[in-house]
Peer 1: 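Below you will find the structure I want to go over with you.
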Amino acid sequence: METVTSASLIDAANRIVIKIGSALLVDAGTGTLRREWLADLARDVAMLKAKGKEILIVSSGSIALGRKVLGFPNGTLSLERAQAAAAVGQIRLAQAYQEVLGPHNIEAAQILLTLEDTENRRRYLNSRATIGTLLELGTVPIVNENDTVATDEIRYGDNDRLAAQVASMTGADVLVLLSDVDGLYAADPRFSASAKFLPLVQTITPEIEAMAGEAGTEGASGGMKTKVMAAKVAMHAGCAMAITKGHVSQPIQALLDGATATWFVGTALPGVARKRWITGMKIKGKLVLDAGAIAALSRGKSLLPAGVTDIEGNFDRGEAVEIVGPDGATVAKALAGYDATEARLIMGCQSSEIEGKLGHTGRAAMVHRDDMAM
Ligand code: GLU
């Protein structure tokens, strides 16, 4: 593999997820928001957006902020109290993002997810579609776990893994975990001065897993262990992941300028793993397209119902279908944006006719361009 630098990976990325932990956002002493740091982070986001990148933020901090407001003492909170703190803190957290991004003319959008939203197929597709629309509209989704409704058995509990799921679900190219350590060491750097630093990990071996200690920082749920688990999820989705120190001002700019980081980069190129995943799915049906639609697809457009002339098979939304041209030749494999019944109702229709045919507002695309493997 050619030399991996933070700048090369970030420059090549279209979609970037930045995960921000509670320890960065909330001052450990006062329990209040570190507004200046967040304002600097917003400058990083604006800088990346100016380069044409789509940015998602996965942010913790609701419980840490809320517990201070509610006057809860230090130490572990009961689930009920943690959920109450999250409800009070999340509203402030979201507002803080709106306030720091606003001056850059960037709209913040709040997304609260539970584990089920990424595991249940229907909810997964819905969450993904909404996030996709928000990104297309140029907003920055601010994602957190929906702590107020998630009970222990159904919680992620740590935002490292949530961030990796979000990165995988949205087909992000890069995930940056802003942390209190600058990367992965062969031993915990807070205890051993001679710890060996690992700048690049390409396979997560049992040795790498063993190097990851447990959670250490007050107020944060994730430790190196959850970060390595997150790396597994990200790499599996073809997303490169970095662990770097977040405490500096403008940590993403620092990363671009060569700050220390551990990069987890699998062999799959960004985007390729997803296409490979689509290619490997079982075909449930066929969409026959006219020549105009085939030409539009090869220009990277989504497939609109107007270009579909025939539909074969019985498939659910999200299942794989073959895309064939007027001559019957297969041109792509794709995930259906509609189930077969609805797809038949709207094939050949203009987008403006969809609502009339279905009785509800549907999505414009029969297949989104991100869901196609040509
Ligand atoms: N969702 C939790 C919060 O907002 C944070 C989880 C974590 O620390 O990773 O407080």
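Nothing fancy with the numbering, it's 1 onward along the sequence. For ligands, and for the atoms within them, numbers begin at 1 and follow the listed sequence. Keep in mind that what you see is a predicted model, and the values were worked out from it rather than measured.
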Peer 1: If we set the cut-off at 4.0 Å for heavy atoms, which region of L93 has an atom near ligand 1: side chain, backbone, both, or neither?
Peer 2: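 Neither part.
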Peer 1: Do N144 and ligand 1 have an N or O pair less than 3.5 Å apart?
Peer 2: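 For ligand 1, there is an N or O atom that lies under 3.5 Å from one belonging to N144.
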Peer 1: The criterion is salt bridge (charged side-chain N to carboxylate O under 4.0 Å, His left out); which residues satisfy it with E99, sequence neighbours excluded?
Peer 2: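 With sequence neighbours excluded, E99 shows a salt bridge (charged side-chain N to carboxylate O under 4.0 Å, His left out) to R35, given in chain and number order.
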Peer 1: Could you tell me whether some N/O pair between G61 and ligand 1 is separated by less than 3.5 angstrom?
Peer 2: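 Yes, there is a polar N/O contact under 3.5 Å.
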Peer 1: With distance as the sole criterion, is a donor-acceptor pair present between the side chains of E207 and T205 under 3.5 Å?
Peer 2: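 Yes, a side-chain donor-acceptor pair sits under 3.5 Å.
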Peer 1: Please compare V143, N159, T226, L162 and report which has the shortest non-hydrogen distance to atom 9 (O) of ligand 1.
Peer 2: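 The residue whose heavy atom sits nearest atom 9 (O) of ligand 1 is N159.
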Peer 1: Do D40 and Q250 have a side chain donor and acceptor closer than 3.5 Å?
Peer 2: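 Their side chains do not contain a donor-acceptor pair, so the 3.5 Å distance test is not met.
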Peer 1: Output yes when K225 and D158 qualify as a salt bridge under the 4.0 Å nitrogen-oxygen rule, no when they do not.
Peer 2: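 No, this pair does not count.
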Peer 1: Tell me whether D158 has any N or O atom under 3.5 angstrom from an N or O of ligand 1.
Peer 2: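 No; every N/O pair is 3.5 Å or more apart.
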Peer 1: What residues form a salt bridge (charged side-chain N to carboxylate O under 4.0 Å, His left out) with D290, not counting sequence neighbours?
Peer 2: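 Per chain and number, D290 pairs via salt bridge (charged side-chain N to carboxylate O under 4.0 Å, His left out) with no residue.
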Peer 1: Can you tell me if A86 has a non-hydrogen atom under 4.0 Å from ligand 1?
Peer 2: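 It does not; every heavy atom stays at 4.0 Å or beyond.
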Peer 1: Could you tell me whether some N/O pair between S59 and ligand 1 is separated by less than 3.5 angstrom?
Peer 2: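 In fact, backbone or side chain, S59 has no N or O that close.
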